[in-house]
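Since the structure comes first, as structure tokens, the remarks are kept for the end.
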Amino acid sequence: MDLLELRNQIDAIDREIVDLYEKRMQISEQVADYKIKTGKKVFDRTREEEKLETLRGLTHNDFNRHGVQELFEQIMSMSRKLQYQRLTEEGVLGKLPFIELDQLETKGARVVFQGADGAYSQAALHQFFGDVKSFHVETFRDAMESIEEGSADFAVLPIENSTAGNVSEIYDLLVEFENYIVGEQIIPIEHCLMACPGTKIEDIERVYSHPQSLMQSTRFLRDHANWEQITMKNNAFAAQKVAEDKDIHQAAIASAYAAEFYGLEVLKKGVNQSKLNATRFIIVTNQKVFLKTSNKISICFELPHESGSLYHMLSHFIYNNLNMTKISSRPIEDRSWEYRFFIDFDGNLSDGAVKNALRGIREEARNMKILGNY
């Protein structure tokens, strides 16, 4: 046979496959209607594994066995998505446990941040909330505990820096605590060299800052190799120390906001090499709420340690036409080589497509948690 004839035969077979696929999806709709009436779950892992084993047994070589498994995993996945859609349309899947609000109640709110007065977190707090009661704590965990126990209504926490990446501890704490993201604030990061008024750069012998800020200012500090670099827990602590010590041989690298707060003189602005550096802060509360105008959702989930499991989870976004904007992972404590995935995607919890995707992920993943809609 020539190539044209072979292609004609493939085309004919493909038409048959499409016809059979559509027939299968019609039956899947009937299966969904049955499950609506009986309350049965869409995803039956044992049934699917038995079915795949049977289908593999119908093939005649290893290559086809692998191909048939991959093909029918996809077909079964599409069938489940159709069933989730039908159940969502009929309202059978119920409501998500989040309350929709027109606006956040911030009047009289108490807001906590980690660090010291003058920290970037405090700048983010003021930019998001305006003039509210606030206090600071030493650690991120302290901040999460403050809103969990009710001594604060909201917490402002850094979750990601454009150059340094994720703040891993925040992701772990979002899983551990029943606290939820309700907003975000992005703050441009411009590190400044500051010292007591009247200090000259040639007077400086020691510079204090957070280790990450020192690293981000490497090029500037390279020109002052004689300076001793001393790390601090927080940039604001560094500014506070320099202000309290009143020593012209000391300087801090922190924000202009910290310099103003502690009465220090900015000797040089923008000592960090990246001019596009910014930190994303999240606003967290202990209430399951979201705004009608919210357009970003954060979730996390765990997966069985199996080939293709992450792909099947992500396909829920594809089939529901949802735009995933970020994915990252964290090791799961006490479970070697297993990971928890964190995903941000566009949408609102009131959207049908979002509900459909989340219900599918909840049924098929392990320990799925909605971290917030903001």
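- Atom CG of Leu20 has more than 12 heavy atoms from other residues, nucleotides or ligands within 6.0 Å.
- Applying the ring-ring contact (aromatic ring centres under 6.0 Å, His included) rule to pairs touching residues 327-364 yields Tyr171-Phe342, Phe317-Phe345, sequence neighbours excluded.
- Remark: Leu58 CG is packed, more than 12 non-hydrogen atoms of other residues, nucleotides or ligands lying under 6.0 Å away.
- By the side-chain contact (heavy atoms from CB on, under 4.5 Å) test, Arg7 pairs with Leu3, sequence neighbours left out.
- For Arg219, the CZ atom is loosely surrounded, since the number of other residues' heavy atoms within 6.0 Å does not exceed 12.
- Every residue meeting the side-chain contact (heavy atoms from CB on, under 4.5 Å) condition with Glu338, not counting sequence neighbours, appears here in chain and number order: Ile332, Arg335, Arg366.
- When each of Glu364, Arg362, His316 is tested with Tyr84 by the rule side-chain hydrogen bond (donor to acceptor under 3.5 Å, both in side chains), just one qualifies, namely Glu364.
- Heavy-atom contacts from other residues, nucleotides or ligands closer than 6.0 Å to CG of Asp19 number more than 12.
- Annotation: Asp131, atom CG; neighbour count of heavy atoms from other residues, nucleotides and ligands within 6.0 Å does not exceed 12.
- Arg206 and Glu228 are not joined by a salt bridge, as no carboxylate oxygen comes within less than 4.0 angstrom of a charged side-chain nitrogen.
- Using a 4.0 Å cut-off between charged nitrogen and carboxylate oxygen, Glu90 and Arg86 count as a salt-bridge pair.
- For Tyr34, the OH atom counts as loosely surrounded, since its 6.0 Å shell holds 12 or fewer non-hydrogen atoms of other residues, nucleotides or ligands.
- Side-chain contact check for Glu302 and Asn367: at least one donor-acceptor pair (N or O, by modelled atom type) lies under 3.5 Å.
- Closest heavy-atom contact between Leu291 and Asn348: O-ND2, 3.2 Å.
- Ion pairing between a basic and an acidic side chain is recognised when a charged N comes within 4.0 Å of a carboxylate O; Arg45 and Glu48 show no such pairing.
- Residues Ile343 and Leu303 share a hydrophobic cluster, clusters being chains of Ile/Leu/Val/Met/Phe/Trp/Tyr side chains in contact below 4.5 Å.
- Hydrophobic cluster membership of Ile10, counting Ile, Leu, Val, Met, Phe, Trp and Tyr whose side-chain heavy atoms lie under 4.5 Å apart directly or via other members: none, as it forms a cluster of its own.
- Residues passing the side-chain contact (heavy atoms from CB on, under 4.5 Å) test with Phe128, sequence neighbours excluded: Leu104, Gln185, Ile283.
- Close placement of the Tyr180 and Phe98 rings is indicated, their centers lying within 6.0 Å of each other.
- The shortest distance between side-chain heavy atoms of Leu157 and Val167 does not fall below 4.5 Å.
- The pair Arg340-Asp172 does not meet the salt-bridge criterion, since no charged nitrogen lies less than 4.0 angstrom from a carboxylate oxygen.
- Criterion: ILVMFWY side-chain heavy atoms under 4.5 Å apart, direct or through other members. Under it, Ile27 and Tyr21 are not part of a common hydrophobic cluster.
- With sequence neighbours excluded, the residues satisfying side-chain contact (heavy atoms from CB on, under 4.5 Å) with Gln240 are Ala116, Phe237, Glu244, Tyr262.
- Using modelled atom types, one finds no donor on one side chain facing an acceptor on the other under 3.5 Å when comparing Asn295 with Asp346.
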Next on the checklist: Could you go through Tyr120 and His210, starting from their C-alpha distance and side-chain angles, then the distance that decides it, and tell me whether this counts as side-chain hydrogen bond (donor to acceptor under 3.5 Å, both in side chains)?
Outcome noted: CA-CA 12 Å; Tyr120 282 112; His210 187 276; over 6 Å; no
